[in-house]
Structures are given as structure tokens and as C-alpha cells.
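Okay, structure first, notes after.
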Amino acid sequence: MEYMRFFRDTIMARQSCRKFLNKEIGIEEMVEVNRVYDNLERLVPEIKTDIKFTGAEAGKKFGDSVGYNGFSIEAPQYIILMSEVKDFYLENAGYLAQAMTLKLTDLGIAACWLTVNDSDRVKEAADLDSKLEVACVIGIGYRDKDTKEKRLDIVSPSNVTMTKTELQAAPKISLDSLLFDKIYGKAFNKEELYTELEDSLLAVSHAQSFFNRQPYRVIVGDSEIYLVGVPDEMTGENDRHLNYGIAMFNFVAVLGSLRAEAPKWSFDTPTVNLGLPDGVCYVAKCRI
Ligand SMILES: Cc1cc2nc3c(=O)[nH]c(=O)nc-3n(C[C@H](O)[C@H](O)[C@H](O)COP(=O)(O)O)c2cc1C
């Protein structure tokens, strides 16, 4: 995990970019990002994935195959992550792509995730002959700091406290709203957190998500934490699972950089009763 250390500040600092300079990233940076792709321990190691960097030309052909309501973002380059379709493939892809996104942030390169609306058309636009499905498309490049970015109207979820983040990044769910104590719905007393765990959970609360909806919560148990999904009428099925992978990576990146051994998520059924109400689903657990 050496190449993934010190991600806490990166997680707090990163924010999506929707206005890029017309300049490609260098070969050395691409090599660094590829190194993360090659070396990162997967959530589900047996799932085959592939990665492709494409240029602005492919992006011009995306049309409405990616982006909110069919609006893509113009970027000088894109990362396209493809995957075999198997159980948890989107969590696995989101996890992997988040590691690359944070590496990019560390390198001073901005990014914006794009919702995949049509895998086949993305492959066609990028001239990809692959049987794998397009799981993630991420526009990457240098932020155009001089031009005002297009405002993104984000609808905050109701009944949730959002906290302001550094810079102009979108507000994020507060730890008070994110965390529950042993069973769903029971308020968690933050005083019980030790620094390492608080930092790692803070990283989960700062994870980016489709339309910044963050439709998940974390139940803190005695020796494990449990990620659970909450209903959200705006988030589609694929983005929901990518969201989970992103949140899971943020947790591992921080806790893993503070400990000799990185924690591991498991999709196995929990052995304790989490008291989940109808509509709330268990996602995964991680030993703390
Ligand atoms: C799965 C996923 C899909 C996304 N799709 C889009 C998209 O199509 N267009 C867009 O502008 N941003 C997209 N985003 C970026 C989110 O809007 C952004 O991460 C969120 O609003 C939080 O803002 P921040 O990234 O600045 O913290 C997506 C993010 C995720 C995780």
C-alpha cells in the first residue's frame, strides 16, 4: 500500500471538475495512475477488468451515452474502466476507479465521474473492441481555474445534516447523520471514536457520489463497521453500487495509511442483527 499512503488530505481536498484546460496529462502521470490500477488489491480479485485512456476525440462522440441527463463533460482525456459483469462488479470497479481518482488528485490532476448511460455506445465512441462492460467513465485533466465552472444543482437529501467542506466542494453528509451505533437508527456518540477510526469514517462521509446524494450509512459495531444502502429515488442502480465502492475505498485508503495492514471489506452476511428497516439494504462489512 506504500503508493497509496497519505490519502486523508487528498480526500478532503478533492472536488469534481467540470471545466478543464485543453492540455493532456503527461506520460509520467499516466504511468503513476496505471501503477495504482495494476497494484491495487481488488475487492473481488477474480473479476476481470480493463482500463483505457482516451482523448478528447472519443469524448466528443460520447453524446448522451454518459453524463447527467445525457450531458457529458468535455475533458482532454477520459479513463474508461471496463469489467466483467459478476456479483459486486460495480463495487469492485468503483473502488478501483476511486483509487485512481485520488492518485490523480495527489498529482494535481482534476477529474469528474460521468454516469454511464450506455456501455455499448461508449465503447463505440472510444473504438474499444471488448466483451467487458463499461463500468466507469472519468473525465480527467487540469482544472481551468480562470473560467467559472458550470454550476451543478445538487439536491441535498432530506432529514440529513450536511457539512461544508474545504474549497468549493459540495457539502457532505455529517458524521452525526452518517453513523449509527450497533443498530440502524440508534445515534452514535462520536466521543467513542478513536482518531484513526474517526479520520477513516470522515473519509467515507466525504466520498463523492451520484448527484452528491450519498445514499448510504455506516453502522459502527464492536469490532466491525457495516455499510448499508438507504433508498434514494434519484440514484440509479449502477451508480448506487459505484457509490458504495467509492466509499469503501475512502475508508481503506485512510485506515490503511495509518496501520501496517490495510483493512479488508467483505460482502459476507453479518452475524449480528443490524435492525435494518424495510428499504435499507446491507452492503458490506469491514473489521476495525
Ligand atoms: C457514480 C457517479 C456518477 C457521477 N456522474 C456525474 C455526471 O454524470 N456528471 C457530473 O457532472 N458529475 C457526476 N458525478 C460527480 C458528482 O456530481 C460529484 O461527485 C458530487 O456532486 C460531489 O461533488 P464533489 O465530487 O465535488 O465532492 C458523478 C459521481 C459519481 C460517484
Side-chain angles (χ1 to χ4, degrees), residues 7-20 59 62-75 78-81 83 88-102 104-105 109-119 121-122 125 133-141 143-145 148-157 160 162-174 178 202-216 227 229 232 234-251 253 283:
F7 270 165
R8 182 186 178 282
D9 293 347
T10 312
I11 287 167
M12 297 311 190
R14 69 142 290 289
Q15 62 181 106
S16 296
C17 173
R18 298 184 176 83
K19 193 78 201 149
F20 294 93
F62 283 155
D64 58 7
S65 64
V66 296
Y68 288 151
N69 306 318
F71 284 102
S72 183
I73 304 280
E74 264 183 56
Y78 299 84
I79 292 177
I80 300 179
L81 179 64
S83 173
F88 309 116
Y89 79 102
L90 289 164
E91 284 83 352
N92 189 57
Y95 186 89
L96 185 49
Q98 179 66 350
M100 292 188 276
T101 303
L102 295 180
L104 287 163
T105 311
I109 298 164
C112 188
W113 286 60
L114 291 166
T115 295
V116 178
N117 304 315
D118 188 330
S119 162
R121 281 179 49 217
V122 172
E133 184 175 286
V134 175
C136 311
V137 175
I138 302 175
I140 62 170
R143 189 181 296 274
D144 181 349
K145 295 186 180 127
K148 235 183 159 220
E149 291 200 21
K150 282 178 229 157
R151 193 169 123 62
L152 183 74
D153 286 313
I154 289 174
V155 191
S156 293
V160 165
M162 305 291 278
T163 45
K164 283 212 158 156
T165 52
E166 286 98 289
L167 309 169
Q168 275 107 50
K172 293 292 180 321
I173 189 168
S174 69
L178 179 75
L202 206 58
V204 174
S205 76
H206 274 61
Q208 70 271 42
S209 58
F210 173 88
F211 248 111
N212 203 33
R213 301 284 292 173
Q214 300 189 279
Y216 42 71
L227 181 68
D232 179 50
M234 287 179 76
T235 307
E237 201 51 25
N238 283 16
D239 289 320
R240 161 180 288 282
H241 292 285
L242 291 172
N243 285 341
Y244 298 151
I246 294 171
M248 288 158 94
F249 182 76
N250 276 13
F251 184 75
V283 179

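Only a predicted model underlies this, so the values are computations on that prediction, with no experimental measurement involved. Start at 1 and go down the list; that is how both ligands and their atoms are numbered.
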Looking only at non-hydrogen atoms, find the nearest pair between Ala97 and Ile138 and report the distance.
CB-CD1, 3.9 Å
Kindly indicate whether the side chain of [X], heavy atoms from C-beta on, has any atom under 4.5 Å from the side chain of [Y].
| X | Y | value |
| --- | --- | --- |
| Gln98 | Trp113 | yes |
| Asn212 | Pro171 | yes |
| Leu242 | Phe210 | no |
| Leu178 | Tyr216 | yes |

Within a distance under 4.0 Å of any heavy atom of [X], pick out the atoms of ligand 1 and give their elements.
| X | answer |
| --- | --- |
| Ile246 | 31 (C) |
| Lys172 | 22 (C), 23 (O), 24 (P), 27 (O) |
| Ile73 | 11 (O) |
| Asn243 | 31 (C) |
| Gln15 | 26 (O) |
| Gly67 | 8 (O) |

With under 30° as parallel and over 60° as perpendicular, where do the rings of Tyr78 and Phe62 fit, or are they tilted in between?
perpendicular
Measure Ser16 to ligand 1 on non-hydrogen atoms and call it side chain, backbone, both or neither using the 4.0 Å cut-off.
both
Where does Cys112 meet ligand 1, judged by heavy-atom distances below 4.0 Å: at the side chain, the backbone, both, or neither?
side chain
Between the side chain of Glu74 and the main-chain N/O of Gly59, is any donor-acceptor distance below 3.5 Å?
no
Any nitrogen or oxygen of Gln208 lying under 3.5 Å from a nitrogen or oxygen in ligand 1? Just yes or no.
no
Just going by heavy-atom distances, which of Asp239, Leu114, Asn69, Thr101 is nearest to atom 1 (C) of ligand 1?
Asp239
